[in-house]
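Let me begin by presenting the structure, written as structure tokens, before commenting on it.
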2 protein chains.
Amino acid sequence: MIILLVEDDTLLATHSIDFLAKEGIEVDYASTVRQAKSISAQQQYDAIVLDINLPDGDGLNLAQQWQHTRSEPILFLSARAALDDKLKAFSFGALDYLTKPFALEELAIRIKLLANKNTLKSNKRFALDSLNVDLNAKIITRAQRLIVLSPQQWQLLTLLVEHYPNPVDKATVINTIWPDQDVNNNMYKSLLTRLRSNLSHEHETPLLHTLKKQGIVLKMEKTDE
Amino acid sequence: MIILLVEDDTLLATHSIDFLAKEGIEVDYASTVRQAKSISAQQQYDAIVLDINLPDGDGLNLAQQWQHTRSEPILFLSARAALDDKLKAFSFGALDYLTKPFALEELAIRIKLLANKNTLKSNKRFALDSLNVDLNAKIITRAQRLIVLSPQQWQLLTLLVEHYPNPVDKATVINTIWPDQDVNNNMYKSLLTRLRSNLSHEHETPLLHTLKKQGIVLKMEKTDE
DNA sequence: CTATGCTGTTACCTTACGGTTACCTCTGTC
DNA sequence: GACAGAGGTAACCGTAAGGTAACAGCATAG
């Protein structure tokens, strides 16, 4: 699980990062709005933790901009406990709001709850077209035929299913499948080819599509023109 | 939407019930553990709001009993702000925890968020005229026809949507799409032409308009300058 | 020790993205 | 009326991004 933390108090930030690491939560860190924008462009997160007061702007504005374009759950951190601030935050799409000072344990729990929200809906089964995936039993079939995937391919498929119907961007795939490893583009390309080939045995319609520069996504072919 | 409220402070309870009613939230009310059990037996709720201190028991125990039998999201109310209490609550399956005193507005918002959690996560959408944009799935249609955009065009479209209904000025477009790059006017012009052409396939009304010297904006045809 | 299969690597192919250029219209100004 | 400047369109084309197949190294099983 990886989150984005945007917080200008570096002391608080380092403590948080350390603590969250122990909880198994990886953290990308930005201390300014500017940084946050550039870092977040690279990849998708399981959740975003935003401070309201930032040196070069306002976390609320950032959330407002993101609420129409990004799909991550947002949790606000702020010293401001006033109701107005909270209401504004929620109206900008925040899903949680924690007032400073707070316990790191609580932050960790709330982050985990938010992150689960996205994956919770993917119960145990997933179906698309003639494809059928049992996420618990790790059984995959397409048109009644059993499909066997290598570990990497399985990982990628579950990632895609978790995000369905949204695309998963390349950086996210790479961070998930090859965490802290040297990765080159060919490894990524091979994996895609292999999964694709396994998912569609004969002349079945392709399900795994690439959006140039944006990522990959599971969807049924739209055969209008 | 209907919730169960378990709270022994009758004053707080009546205020809450009144307020939530105005927000369109129906409330079943219990003031004791005993009552809560009997009332809740018949019905499923969108969320459950539990006080911790109850005259004949403890909300935490109730949550613990329910956490494997009931599927409703639980929000705790409590005067106890100690970390231990919160941790215990979360470990019993609570999804949120609000310390008294709190604003009724905040309670209402958090209840709504919890209730939404069970419903499928809906993607962020933008619609204008016959144009329909799913910002998360990155699917665009115009009059039911699927539209495929290049990465640059997609970026521009999201930029326009973020600012809608306000115009976006040229400098902003350029900084967003070509950050720290040499840009000439032709690149900008080409991008506009291409996006325009993709957005209106045949003789559909143009949606992307230029305001001289001000920038570009999405709007339905309306030639007030 | 052989066999099988997973995965990283390489080579080669195809496509369409986007920068470029040329030419057009429109509007306002001197 | 001509010129300038802004904006719009269409076509050209090099190249990077993506796709595939085949091979090689390495593990693991049997």
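In what follows, chains are A, B, ... by sequence order, proteins preceding strands, each numbered from 1. What you see is a predicted model; the values in this text were computed from it and never measured.
Using a 4.5 Å cut-off on side-chain heavy atoms (C-beta onward), Gln44(A) and His163(A) make contact.
Remark: of the listed residues Val217(B), Thr210(B), Leu160(B), Val217(B) is the sole one forming a side chain to side chain contact (heavy atoms under 4.5 Å, CB included) with Pro167(B).
Within residues 158-167 of chain B, no residue approaches DNA chain C, by heavy-atom distance under 4.0 Å.
If you take CD of Gln214(A) and P of dA17(D), they are 14 Å apart, rounded to a whole angstrom. Rounded to an integer number of Å, the gap from CH2 of Trp154(A) to P of dC6(C) is 15 Å. Distance Leu192(A) CG to dT7(C) P: 14 Å, rounded to the nearest Å. A straight line from NE2 of His209(A) to C1' of dG18(D) spans 15 Å, rounded to a whole angstrom. What separates OH of Tyr188(B) from P of dT9(D) is a distance of 13 Å, to the nearest Å. For Lys170(A) and dA17(D), the NZ to C1' distance is 7 Å, given to the nearest whole Å. Look at CG on Asn185(A): it is 13 Å from P on dT10(C), rounded to the nearest Å.
Judged by distance alone, the side chains of Asp169(A) and Gln43(A) never bring a donor and an acceptor atom under 3.5 Å apart. Checked by atom type, the side-chain pair Gln214(A)/Lys138(B) shows a donor-acceptor distance below 3.5 Å. Of the N and O atoms on the side chains of Asn53(A) and Arg80(A), at least one donor lies less than 3.5 Å from an acceptor on the other residue. For the residue pair Asn185(A) / Lys170(A), a side-chain donor-acceptor distance below 3.5 Å is found, with atom types taken as modelled.
In this structure, Thr210(B) reaches the sugar-phosphate backbone alone: every heavy-atom distance under 4.0 Å involves primed, P, OP1 or OP2 atoms, never a base.
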**OP:** List the protein contact pattern of nucleotides 16-26 of chain C with one symbol per nucleotide (5' to 3'): B for base contact, S for sugar-phosphate-only contact, - for none; contact means a heavy-atom distance under 4.0 Å.
**Re:** SSBBBB-----

